[in-house]
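Working notes for the structure below.
Please read all numbers here as calculations on a predicted model, not as lab measurements. If you read the sequence from its start, that first residue is 1, and numbering goes on from there. Atoms within each ligand, like the ligands themselves, are counted from 1 in listed order.
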Amino acid sequence: MGQDLVQILPATSVSALGQPQPASSPAREQTCQKSFYIETFGCQMNVHDSEKVAGVLLAKGYRPVEDSASADLILYNTCSIREKAAQKVFSRLGAFKKGYRGDAKTIGVLGCVAQQEGTRIFDRAPQVSLVCGSASYASLGGLIDRLERGERRVSGLSLDTDECFETELTRRDHPYRAYLTIIEGCNRACSYCVVPKTRGPERSRPSGRILAEARRLVNEGATEIQLLGQTVNSYHDSSPSRLSFSELLLRVAEIPGLRRLRFTTSHPSDFSSDIVQAIDAQPVLCNHIHLPVQSGSSRVLERMRRTYTREEYLEKIGCVRKAQRAISVSTDIIVGFCGETEDDFEQTLGLLDLVQYDQVFSFKYSVRPRTEAGSMEDTVPDEEKGQRLTVLQEKQRQIQLRRNQGLIGREYEVLVENFQAKLGQCVGRTSDNHVINFPGEPGWTGNYLGVKVMSAGPNSLVGVRTGGNNGSGNENPNADDGPRH
Ligand code: SAH
Ligand code: SF4
Ligand code: F3S
């Protein structure tokens, strides 16, 4: 999952793929006085949760605004995966020195820091009135009602749920690309990780509901769906259909009008060859897999409680490399975990050479409270962690540069995700998750276009359009509306 992504849901982005849009209806505008601002930190699951939260607020008659200064309700949807991520919310809250409730501003902390810190947040930041973890979002509407009735502090912190939070109201950010959570929480126990504590136990949505939502999204104009879960491939269908994860992929991919299906994040221990076979069999399934390895040393993996060895991980990669379609692979790596020696680190560097990843998200190990590793000795000094990170990133930069330069002259179909007005450039993404920038027009956003790669850097490609507009694949009345990243 992409980390430390910060996303602000802007006021102009009310294009809810055909969802009821109370804030934009004239009747509502007369009565709706309250506005909200939501800022999101962390992974795609958080980004999607914010879309759900925004939907709940829109249905309550709130309207979104672009800056916190003009909002009645300010929400921070937080991440606590590393210390730095967790601190961000407190630096935001620092800007509001005194209580705002009386001044008609209500401040709420949602997400993983909310769950981890709980009501201690009220002590540390008295200006906060609402604290709610993701497992309690079903009660968020009720908590807001209580604040509106004048309660000073409300919280939703129960992890005691076996259901995913589902809402028909979700206000999705993009007209063409939609996130869809299929599994919440995590039942694993990686020794460094807060997620099982912040998102609770694993809960899978019944396949029938997932398929119904996917069909609805496609009917409303989405041509790309990304299935989400912290361990997305640990999916267990509790309904009588008992679909396996790969069967679910194939069923979603068959929906007429859907052009791309992605999924993230896959856990190596639950990664099986039927997923590769599904990608081979169904071109709608994107030929990209995010398969976090964390370390190239079996000794470190053991201490991390990752439940696989270096060799077992490499076997899974071998299975991916045997596919008929070339499947790109990305990963996450932690450097400087407790007890990581120079030799362990060298093994991680060696793994980069062996696997030849297309993208690596790498992080310095950050000690997290209430994790198993939190009580292990953090043996690698911060400076050493920093040096290892630099070495690893430089090595991967060279690998990516070489790999990307090998793509010069190739033609791809890209989905145009964005238009950068200043540069006059479109930002397109290939099925295998490469980003290609090419000269274009704002109206091309949302279309699938042919692009030829002309030059390459380590992180992106530069291309030219080859002609042939393949259309949006789905008649989309909002073709030029809505925000883009
Ligand atoms: N569920 C995914 C990862 C979710 S967290 C998986 O199992 O792979 C995203 C990434 O953050 C992790 O893959 C890991 O690389 C990193 N991460 C998690 N905890 C961390 C910590 N305490 N310090 C540094 N990086 C961490
Ligand atoms: Fe964290 Fe491990 Fe669960 Fe991923 S699988 S969310 S790293 S505990
Ligand atoms: Fe961060 Fe929570 Fe996601 S800790 S990475 S926002 S699950």
Under a 4.0 Å heavy-atom limit, does Y192 contact ligand 1 with its side chain, its backbone, both, or neither? both
Side chains of T371 and K197 in contact at under 4.5 Å (non-hydrogen atoms): no
Gap separating the CD atom of E340 from the CE atom of M304, nearest 0.5 angstrom: 7.0 Å
Gap between atom CG of N233 and atom NE2 of H267 - 0.5 Å precision: 8.5 Å
Just heavy atoms, cut-off under 4.0 Å: does R306 contact ligand 1 by side chain, backbone, both, or neither? side chain
Residue selection (non-hydrogen contact nearest atom 2 (Fe) of ligand 3) among S80, C112, G185, C79: C112
Please list, in chain and residue-number order, the protein N/O/S atoms closer than 2.8 Å to atom 2 (Fe) of ligand 2. C190 SG
Among side-chain atoms of D160 and S158, is any donor-acceptor pair under 3.5 angstrom? no
Are there over 12 heavy-atom neighbours, none belonging to R251, within less than 6.0 Å of that residue's CZ? no
Assess, by modelled atom type and distance only, whether the side chains of N77 and S50 contain a donor and an acceptor separated by less than 3.5 Å. yes
Just jot down the ligand 3 atoms closer than 4.0 angstrom to any heavy atom of N46, in number order. 6 (S)
Side-chain donor-acceptor contact under 3.5 Å, Q116 with T198: no
Strictly under 4.0 Å, does any heavy atom of I334 approach an atom of ligand 1? yes
Subset of ligand 1 atoms that lie under 4.0 Å from at least one heavy atom of K364: 23 (N), 24 (C)
Is it the side chain (CB and beyond), the backbone, both or neither of Q230 that lies under 4.0 Å from ligand 1, heavy atoms counted? both
Is the closest heavy-atom distance from R199 to ligand 3 below 4.0 Å? yes
Relative to the heavy atoms of D332, which atoms of ligand 1 are at a distance of less than 4.0 Å? 9 (C), 10 (C), 12 (C), 13 (O), 15 (O)
Consider ligand 1: state whether an atom of it lies below 4.0 angstrom from any non-hydrogen atom of I81. yes
Do H290 and D332 have side-chain N/O donor and acceptor atoms under 3.5 Å apart? yes
Between atom NZ of K364 and atom CD of E383, what is the distance when rounded to the nearest 0.5 Å? 9.5 Å
Atom 7 (S) of ligand 2: closest protein heavy atom, distance to 0.1 Å, is Y192 OH, 3.4 Å
Heavy-atom contacts with R82 under 4.0 Å: which atoms of ligand 1 show up? List them by number with element. 11 (O), 16 (C), 17 (N), 23 (N), 24 (C), 25 (N), 26 (C)
Under 4.0 Å from any heavy atom of Q230, which atoms of ligand 3 are there? 3 (Fe), 7 (S)
Side chain proximity check, Q282 to L285, heavy atoms < 4.5 angstrom: yes
Ligand 1 contact on S366 by region, counting heavy-atom pairs under 4.0 Å: both
Can you check whether S234 reaches I183 side chain to side chain, under 4.5 Å on heavy atoms? yes
Can you tell me if S129 and T106 form a side-chain donor-acceptor pair at under 3.5 Å? no
Can you sort out which atoms of ligand 1 are near R368, meaning under 4.0 Å from one of its heavy atoms? 22 (N)
With rounding to the nearest 0.5 angstrom, report the CD1 to CZ distance, I182 to F245. 5.0 Å
